[in-house]
Amino acid sequence: MSTLITDVQVILTAPEGINLMVVKVHTNQAGLYGLGCATFAYRHLAVKCVVEDYLKPLLIGRDVSAIEELWQLMHQNAYWRNGPIENNAISGVDMALWDIKGKMANMPLYQLFGGKVREGVPIYRHADGNSMSELCDNIQKYQAQGITHIRCQSGGYGGSSYGSVTSTAPEKALDGIYLDSKKYMRDTRAMFDTIRSQVGFDVELCHDVHERLKPIEAIKFACELEEFDLFFLEDAIPLEDGNWLRQLRAKTKIPLAQGELFNNPYEWKFLIAEQLIDFIRVHLSQIGGITAGRKLQIFAEQFGVRTAWHGPGDMSPLAHAANIHIDLSARNFGVQEWSGTEPPNFVIQELKGPRDALLDVFSGLPEFRNGYVYANDKPGLGVDIDEIEARKYPCVNAVTQWTQTRLRDGSLQVP
Ligand code: GCO
Ligand code: MG
């Protein structure tokens, strides 16, 4: 008897105050269901609509085993394709189908991807601080937890100098987050100088430009940071200016990581085929889930490009688990961004409250221990959700403010 899809359900929850969206695919086999991540924190209602009103009617009655067929069916169904809303909706279903596949095979997903090539996944954590001494303390706290790769920011993305409308903006300039790229670059250079002199060179350091520079500034900045021997420089070039990576690559030896905003294979194909980047770090649900992610990982392997999947707070533990299962089995794995799903005694104290709530809603999360993250050996993704607990933390639909970043003249600059 075939195993058929009987329902596709959306579960919204925000245990840490971040809108998370989980898709639950139900089947005609008693007790067999799959869970996937469709989190697009700032447009969750639009993704919910695509899943409930468009994908569910398309999928009901179809065979769960045909993941490749169903992915393509969802992808081409609206004719126009490759956008973040559709890709996240597809990802929710795709990850859930892989979860079901693992449960049917009675194997954790890394087994279906060829088995482990490493027992644990090395991760990097993100450190910043209000002062250099706070930042260095945070780096050392992570090192004490066995963490070998640390991403450092001086006062958050874009530096700490910005505020709302400044004296440099024209009259009647709109409110927003005002960036000062020159100051950001100066402060970041000084930050790495201090870190290297205080913490030494025996730790891998990363930095996220977060697209907050013009390409020519990014080239200068990358060259200046070379002396600090970074593990990688992230998103130095904005998504829309991808062609500038050719110039950046030609001018600097700094390893480059790119890709959390990618949605469309055209955005990454040439970067990998021309070896313009060292690390591909897409957000799995933004490209359509595990099926698309595995294809990308194997494509990158052919060109010596390593993976460093995006792993921020705005993805559910199901997506973190999907990252980890691919990482465990990928020969061209580089490092995994980890925003932490470990029990409170492992994390810096201020995260304790919300982290408890996350652990009440989700169980079976990948576990961090002494520098490495481990998947559990349950079939599928290994993560479950308590729907009653999930309902206690409703998602909020509010206008997104932090993306309203502006230059000194008041015009918008990508966030
Ligand atoms: C990163 C990121 C994130 C994003 C966030 C947007 O982890 O590398 O750049 O922190 O800013 O996911 O919501
Ligand atoms: Mg980033």
Side-chain angles (χ1 to χ4, degrees), residues 35-37 95 98-99 101-126 141-151 202-206 231-232 255 257 278-284 289-291 293-302 304-312 315-347 355 358-359 362-384:
L35 298 170
C37 183
M95 287 188 192
W98 277 103
D99 194 30
K101 181 81 83 193
K103 288 174 178 171
M104 290 173 81
N106 198 25
M107 287 182 192
L109 278 190
Y110 64 78
Q111 291 291 10
L112 303 190
F113 302 157
K116 286 184 194 171
V117 299
R118 57 186 59 74
E119 288 300 320
V121 174
I123 52 118
Y124 76 78
R125 291 296 308 252
H126 179 97
K141 273 185 208 158
Y142 284 140
Q143 286 185 293
Q145 294 173 12
I147 294 168
T148 48
H149 296 65
I150 300 169
R151 189 174 67 188
D202 209 15
V203 53
E204 297 284 11
L205 300 179
C206 306
F231 186 73
F232 65 58
D278 300 276
F279 298 91
I280 179 76
R281 43 179 285 97
V282 300
H283 186 110
L284 281 190
I290 291 172
T291 297
R294 282 258 299 149
K295 288 180 186 181
L296 171 53
Q297 174 249 311
I298 292 164
F299 172 60
E301 182 186 350
Q302 307 309 306
V305 172
R306 286 175 281 170
T307 63
W309 304 138
H310 196 215
M315 61 169 47
S316 77
L318 290 146
H320 288 291
N323 282 342
I324 298 298
H325 281 279
I326 299 179
D327 296 340
L328 284 171
S329 58
R331 203 174 65 83
N332 59 326
F333 164 81
V335 73
Q336 177 59 55
E337 176 179 11
W338 185 246
S339 44
T341 46
E342 48 274 15
N345 58 325
F346 278 101
V347 293
R355 198 59 21 127
L358 186 78
L359 296 173
F362 293 97
S363 55
L365 280 57
E367 285 180 18
F368 169 83
R369 289 192 298 278
N370 200 24
Y372 291 91
V373 169
Y374 301 86
N376 63 47
D377 283 328
K378 292 182 194 143
L381 282 165
V383 177
D384 211 346

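Numbers for residues simply follow the sequence, beginning at 1.
If you take CD1 on Ile290 and CD on Gln297, they are separated by 12.0 Å, rounding to the nearest 0.5 Å. Atom CE of Met107 is separated from atom NZ of Lys101 by 12.5 Å, given to the nearest 0.5 angstrom. Between the NE2 atom in His149 and the CD atom in Gln143 there is a gap of 12.0 Å [rounded to 0.5 Å]. Once rounded to the nearest 0.5 Å, the distance linking NZ of Lys116 with NE2 of His325 reads 9.5 Å. The CH2 atom of Trp309 sits 12.0 Å away from the CD1 atom of Ile324 when rounded to the nearest 0.5 Å.
Of all non-hydrogen atoms in Ala321 and Pro366, the two that sit nearest each other are CA-CG, 3.7 Å. When all heavy atoms of Pro379 and Asn106 are compared, the closest pair comes out as CG-OD1, 3.4 Å. When all heavy atoms of Tyr374 and Glu119 are compared, the closest pair comes out as CD2-O, 3.4 Å. The two residues Ile150 and Tyr142 come nearest to each other via the heavy atoms CD1-CB, 3.8 Å. In plain terms, the two heavy atoms of Ser329 and Gly115 that are nearest each other are CB-O, 3.2 Å. Taking each heavy atom of Met95 and Gly289 in turn, the nearest pair found is CE-CA, 4.2 Å.
Between the side chain of Asp99 and the backbone N or O of Gly380 there is no donor-acceptor pair closer than 3.5 Å. In this structure a side-chain-to-backbone donor-acceptor pair under 3.5 Å is missing from Asp384 to Ser363. The backbone N or O of Ala308 lies less than 3.5 Å from no partner atom in the side chain of Glu337, so there is not a single donor-acceptor pair. Formation of a donor-acceptor pair under 3.5 Å by the Asn323 side chain with backbone atoms of His310 is found in this model. Remark: the backbone N or O of Trp338 is paired with a side-chain donor or acceptor of Arg125 at under 3.5 angstrom.
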Inset, instruction - For side-chain contact (heavy atoms from CB on, under 4.5 Å), just list the numbers for Tyr124 and Leu205, CA-CA rounded to whole Å, side-chain angles, deciding distance to a tenth of an Å, and then say yes or no. - result: CA-CA 9 Å; Tyr124 76 78; Leu205 300 179; over 6 Å; no
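Other residues, nucleotides and ligands contribute at most 12 non-hydrogen atoms within 6.0 Å of the CG atom of Asp202. When the shell of 6.0 Å around CZ of Phe299 is examined, it contains more than 12 heavy atoms from other residues, nucleotides or ligands. Summarising the local packing, CZ of Arg118 is surrounded by more than 12 heavy atoms from other residues, nucleotides or ligands at distances under 6.0 Å.
Looking at heavy atoms from C-beta onward, Ser339 lies in side-chain contact with His320 at the 4.5 angstrom threshold. At least one side-chain heavy atom of Ile123 sits less than 4.5 Å from a side-chain heavy atom of Ile147. Inter-residue side-chain proximity for Pro312 and His126 is flagged as unmet; no heavy-atom pair is nearer than 4.5 Å. Considering only heavy atoms from C-beta on, Leu365 comes within 4.5 Å of Leu359 through its side chain.
Applying the salt bridge (charged side-chain N to carboxylate O under 4.0 Å, His left out) test to residues at least two apart or on different chains, none of the pairs has a partner in residues 319-328.
Aromatic ring pairs are classed by plane angle as parallel below 30°, tilted from 30° to 60° and perpendicular above 60°; the pair Phe232 and Phe279 is tilted.
Centroid-to-centroid, the aromatic rings of Trp98 and Phe113 come within less than 6.0 Å.
Residues Glu367 and Asn376 have side chains that never bring a donor and an acceptor to within less than 3.5 angstrom of each other.
Each of Val121, Thr307, Leu284, Leu109 was compared with Ile326 under the side-chain contact (heavy atoms from CB on, under 4.5 Å) criterion, and only Leu284 meets it.
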